[in-house]
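Below is one structure, written out as C-alpha cells, with a few remarks after it.
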Amino acid sequence: LMPNDHPSLLTILNGLGLALQARFEHFHELGDIDAAITALKRATKLQPSGHPDNASRLGNLANSFSARFWKTKDSEDLDDALRAIESANALTPVGHPDKPARLVNYGQMLAERFESSQTQANFDSVISSFMAATAQPLGGLAARFLAAERCVSVLSTYPKFGTTEELLSAHGRLLELLPEVVWLGHSVNRRYDESSRMK
C-alpha cells in the first residue's frame with residue numbers, strides 16, 4: 001500500500017525480505033526465497049545512491065540469492081549472489097567492522113563457483129578473499145578465524161592449485177588469531193570453551 005517515496009518503505013521491504021528468507025531456511029519452500037529476493041531487489045533499487053545502508057542491503061540480497069542457489073543449483077543465482085556481494089564489498093571500506101564477514105561470504109560464494117569450474121583463477125579468488133578477511137584490522141574475531149580455517153581447508157583439499165607458501169601463510173594467520181580466541185582477559189572456563197570450538 002506504500003508509495004515508492006514513503007520514508008519507511010525501504011525498511012519494511014528489507015525486513016520482509018529477511019523474514020521470508022528466515023522462513024525459507026526453516027521450511028525450504030521455494031516461494032519464500034523467491035519472494036524474499038523480489039522484496040530485497042526492490043529495496044536495493046529504491047535505495048538512494050550513497051546511502052549508508054546500501055552495502056548492508058546488497059549483502060542481504062546476496063545471501064538470498066545464495067540461499068536459492070543451494071536449493072536449485074541454478075548458476076544464475078550464484079552469479080547474482082556474487083555480483084551483489086562484490087558491490088557490497090566495494091562499498092565497505094577497510095576497517096569497517098562488517099568487512100571481514102562480507103569477505104568471508106564472498107569467499108564462500110567464490111568457493112561454490114570453484115567447485116563447478118575448477119580453474120586456477122577461481123581458486124586464487126577464493127584464497128584472496130579469505131586471506132583478505134583474516135587481515136582486516138577490525139571486525140568480528142569469529143569471521144576472521146573462520147576465514148583462516150576455510151582458507152586452510154581449501155588449500156589442503158586442492159593442493160595442486162595452491163602453494164606451500166600459501167598454506168603456511170594461512171596456518172600462520174590461524175596462529176596469529178589464536179591469542180584473541182583464548183585471550184587471558186577471559187575467564188578460564190571461557191578460554192576452554194572458545195579453544196574447544198577450534199578444529
Side-chain angles (χ1 to χ4, degrees), residues 4 9-49 51-92 96 98-134 136 139-140 142-144 146-147 149-151 153-155 157-158 161-162:
N4 282 346
L9 180 59
L10 290 174
T11 302
I12 287 173
L13 284 170
N14 192 61
L16 173 63
L18 293 175
L20 286 163
Q21 183 176 337
R23 189 166 71 178
F24 167 75
E25 289 167 359
H26 187 73
F27 294 109
H28 308 288
E29 293 290 334
L30 196 56
D32 285 334
I33 198 63
D34 291 342
I37 288 170
T38 299
L40 293 170
K41 280 173 75 173
R42 187 173 171 211
T44 59
K45 286 178 182 173
L46 292 173
Q47 191 95 349
S49 177
H51 193 283
D53 290 338
N54 280 351
S56 177
R57 299 212 197 288
L58 284 164
N60 292 339
L61 179 60
N63 289 337
S64 285
F65 275 124
S66 181
R68 188 166 71 180
F69 168 75
W70 277 99
K71 176 77 171 176
T72 66
K73 297 302 181 186
D74 184 340
S75 62
E76 284 186 26
D77 283 331
L78 184 57
D79 291 341
D80 287 336
L82 283 165
R83 276 191 289 274
I85 199 67
E86 282 172 357
S87 297
N89 274 325
L91 293 171
T92 309
H96 191 285
D98 292 337
K99 188 76 169 179
R102 289 193 180 126
L103 285 167
V104 169
N105 284 347
Y106 185 43
Q108 291 178 159
M109 291 175 198
L110 288 168
E112 282 298 320
R113 184 175 70 182
F114 172 73
E115 287 294 329
S116 62
S117 178
Q118 294 189 2
T119 67
Q120 188 65 52
N122 285 345
F123 181 86
D124 291 343
S125 296
V126 174
I127 300 307
S128 176
S129 184
F130 284 144
M131 289 301 280
T134 67
Q136 293 303 303
R144 290 181 287 137
L146 175 62
E149 282 186 318
R150 293 287 165 87
C151 195
S153 176
V154 171
L155 285 162
T157 304
Y158 302 98
F161 287 97

Correct closest heavy-atom pair for V104 and A147 would be CG2-CB, 3.6 Å
The complete set of salt bridge (charged side-chain N to carboxylate O under 4.0 Å, His left out) pairs with one or both residues in residues 61-75, sequence neighbours excluded, reads D34-R68, R68-D77
Rounded to the nearest 0.5 angstrom, the CZ-CD1 distance for R42 and I12 is 10.5 Å
Residues passing the side-chain contact (heavy atoms from CB on, under 4.5 Å) test with P48, sequence neighbours excluded, are L10, H51
Value for CG (L13) from NZ (K45), rounded to nearest 0.5 Å, stands at 12.0 Å
Taken in chain and number order and not counting sequence neighbours, the residues that satisfy side-chain hydrogen bond (donor to acceptor under 3.5 Å, both in side chains) with N63 are none
Sequence neighbours excluded, the answer for side-chain contact (heavy atoms from CB on, under 4.5 Å) partners of A36 is L20, Q21, I33, S64
Sorted by chain and residue number, the side-chain hydrogen bond (donor to acceptor under 3.5 Å, both in side chains) partners of E86 (sequence neighbours excluded) come out as Y106
Between R57 and A43 the two heavy atoms that sit nearest each other are CD-CB, 4.4 Å
- Query: Is the backbone of K41 close enough, under 3.5 Å, to the side chain of T44 for a donor and an acceptor to pair up by distance?
  - Reply: yes
Rounded to the nearest 0.5 Å, the CZ atom of F114 sits from the CZ atom of F161 at a distance of 4.0 Å
Only one of L58, N105, D80 passes side chain to side chain contact (heavy atoms under 4.5 Å, CB included) with I85, and that residue is N105
Residues passing the side-chain hydrogen bond (donor to acceptor under 3.5 Å, both in side chains) test with N14, sequence neighbours excluded, are N60
(request) Kindly determine whether L146 and Q108 satisfy side-chain contact (heavy atoms from CB on, under 4.5 Å), including the steps that lead there. (result) CA-CA 11 Å; L146 175 62; Q108 291 178 159; 4.0 Å; yes
H28 meets the side-chain hydrogen bond (donor to acceptor under 3.5 Å, both in side chains) criterion, sequence neighbours left out, with none
So salt bridge (charged side-chain N to carboxylate O under 4.0 Å, His left out) across residues 104-120, not counting sequence neighbours, yields none
Smallest heavy-atom separation, D98 atom then T92 atom, equals C-CG2, 4.5 Å
Taken in chain and number order and not counting sequence neighbours, the residues that satisfy side-chain contact (heavy atoms from CB on, under 4.5 Å) with S116 are none
Applied to residues 59-92, the ring-ring contact (aromatic ring centres under 6.0 Å, His included) test, sequence neighbours excluded, yields none
**Request:** Keeping the roles fixed (side chain from S66, backbone from A62), state whether a donor-acceptor pair exists under 3.5 Å.
**Result:** no
Rounded to the nearest 0.5 Å, the OG1 atom of T38 sits from the CG atom of L61 at a distance of 10.0 Å
Closest heavy-atom pair, P100 versus G139, reported as atoms and distance to 0.1 Å, is CG-CA, 3.9 Å
On a heavy-atom basis, the closest approach of N122 and T119 is N-OG1, 3.1 Å
Could you give the side-chain donor-acceptor pairs of residues 123-133 under 3.5 Å, partners two or more places apart or in another chain?
unit_1, atom_1, unit_2, atom_2, d
D124, OD1, Q120, NE2, 2.9
S125, OG, A121, O, 3.0
S129, OG, L103, O, 2.7
S129, OG, G107, N, 3.3

